[in-house]
S.K.: 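This structure is in structure tokens; I'll ask about it shortly.
On a predicted model such as this, the values are computed, not experimentally measured, just so you know. Note that ligands are numbered from 1 as they come in the structure, with each ligand's atoms numbered from 1 the same way.
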Amino acid sequence: MNSDLRQRRKVARTALPTAVLLLISSAVAVQSSAPAAAAETTLRAAAANAGLFFGVAASPNRLYPIVGQEFSQLTPENDMKPDRIATSSGGLQNTSGADTLVNHAQSNNMLVRGHTLVWHSQAGALQGASQATLNTFIGNAINRWGSRIAYWDVVNEALEDNNTGRRRNQWPHSMNRDANGDGDFFDAGDTDVIRDSFIRAKQVVQAGGLTTKLCINDYDVDGLTVQGGTPNRKANALYDIVRNYRQYIDCVGFQAHFNDNPNSIITDDIQANIQRFADLGVEVHITELDIDDDLSNNDIGAGQAENYRKVVRACLNVAQCTGITVWGISDSESWRSSERGLLFTGGNGSYQKKAAYHAVLDELNKGRNSTPPPSTPPVTPSVPPTTPPVDPTTPPPPTTPPTTGCSATVSLNSWTGGFVATVRVTAGTAPISGWSVQLTLPSGATVTNAWNANRSGSSGTVQFSNVSYNGSVNAGQSTEFGFQGTGTATGLTPVCTAT
Ligand code: 9MR
């Protein structure tokens, strides 16, 4: 095992994505006919009740029934990596494994996470390619599966090991240039593979009218600190990247490969770290979870089942943490089999649940703390169950033309009896230092919670205003907030005022 892999031996809602909501809505429908207090018996059903997906990394030769039964999301463990599917000119090849996985996910009503587009490792024929070629590949890969891929890891593992907080220096990051020498790659004159790859991916998504969300994914970024209370500089660096490129980045993946490496332990500040990313307005996902079961070295905590509980709870307690994915089904089939880091034992389709499985299921069944779990409220008898969902892909027109103040648009994800609204506030031709948005809900609709905004009122005319960190918006730039409600919320007309 090389040092890179050894280092990796350790081991995130503004708006819930459409596909998650579809999963939730089906769970709600199931629940309304089940006894109110019945605990769910699969990870995917328990997660759906709490408003998140529970996924697994998979390969075409391991698509056993358990995949669709227990999991609601699938990440190709290796079949969408550039070394499988990219040609040296950024074309596609050998996509049959990836196609099999996407088809399997679709027929089992699972979300897909595309993994991954820009990565220093497993780059195959793309190794050493220019940004232009990377951009070609990004376009080809995103367009091949379109909105069938809910999330794409656009850039994977861009940050250096050993908690330095620096970017990697190998390709493709070796293409980076810090033009003004200020120590970062965020300035207009700088060259930044992360920024340029996300800009390209965003263009492709917008040009195709896709619902795909674009994520940045990394490991050892899970807590605010690492062992000994040392600040987690890698997590801080990731935070700076997301903050600077928020307009292109929709989601952040914490790989969460936990083990006893000092930078890979489970700390008590994982939830706070998830929260600060969520406060930037991105979804957060735990993307590659596995937890070392090596109890001879106890510095990652009190045992695997309890450690799994901790991580799952940290996600559940942050509304914008919309999914958890484990990096394989069973220990023996894991990339780290010796650490017995997963939820099942056994193999070849015959699996036994571990204590860790039962702990995760139990924790998921407890639901979220910070907001009411979506399974509880949104059954409004006045809404007929046949109400068609609003098409979330139809972008509503701006309600006010750009001015020196601000304008606002709203997009809706709806299900029978409930909705999540994402409101985008855009400054006019001058910067603003605060904003408020007023909108009037149709009768019967009620706001149950909001994020990235202060709120007054819950039905009829409701007022939202900026919170401390998102009041300042530069000319022409945007910020987003969201809210969840019960009932039906069509025809919302937000009115934005700069304050
Ligand atoms: O689990 C994957 C394993 O089968 C491959 O051999 C390995 C090659 O690097 O990649 C593993 O998956 C990695 C993922 O793509 C990115 N994060 C770390 C994962 C474990 O190494």
S.K.: Is Lys234 positioned over the aromatic face of Tyr219, cation under 6.0 angstrom from the ring centre and no more than 45 degrees off axis?
M.R.: yes
S.K.: Would you please classify the geometry between the Trp145 ring and the Trp152 ring as parallel, tilted or perpendicular, with 30° and 60° separating the classes?
M.R.: tilted
S.K.: So is Tyr219 close enough to ligand 1, meaning a heavy atom under 4.0 angstrom away?
M.R.: no
S.K.: Quick one: which of Asn156, Leu214, Leu126, Ile142 gives a side chain to side chain contact (heavy atoms under 4.5 Å, CB included) with Leu117?
M.R.: Ile142
S.K.: Just heavy atoms, cut-off under 4.0 Å: does Trp327 contact ligand 1 by side chain, backbone, both, or neither?
M.R.: side chain
S.K.: Do Trp119 and ligand 1 have an N or O pair less than 3.5 Å apart?
M.R.: no
S.K.: Mind running side-chain hydrogen bond (donor to acceptor under 3.5 Å, both in side chains) on Gln304 and Lys354 for me, showing each step along the way?
M.R.: CA-CA 10 Å; Gln304 190 181 53; Lys354 295 168 57 180; 3.1 Å; yes
S.K.: Would you mind running through ligand 1 and noting each atom that sits below 4.0 Å from a heavy atom of His115?
M.R.: 14 (C), 15 (O), 16 (C)
S.K.: Measure from NZ or CZ of Arg195 to the centre of the six-membered ring of Phe186, then state whether that distance is under 6.0 Å and the direction lies within 45° of the axis.
M.R.: no
S.K.: At under 4.0 Å between heavy atoms, which part of Asn78 makes contact with ligand 1: side chain, backbone, both or neither?
M.R.: side chain
S.K.: Please state whether the rings of Phe344 and Phe71 are parallel, tilted or perpendicular, taking 30° and 60° as the class boundaries.
M.R.: perpendicular
S.K.: Which ligand 1 atoms, with their elements, are less than 4.0 angstrom from a heavy-atom of Gln122?
M.R.: 7 (C), 8 (C), 9 (O), 10 (O)
S.K.: Hey, which atoms in ligand 1 end up nearer than 4.0 Å to a heavy atom of Lys81?
M.R.: 2 (C), 10 (O), 11 (C), 12 (O), 13 (C), 14 (C), 15 (O)
S.K.: Out of all atoms in ligand 1, which are within 4.0 Å of some heavy atom of Glu288? Include the element for each.
M.R.: 14 (C), 16 (C), 17 (N), 18 (C), 19 (C)
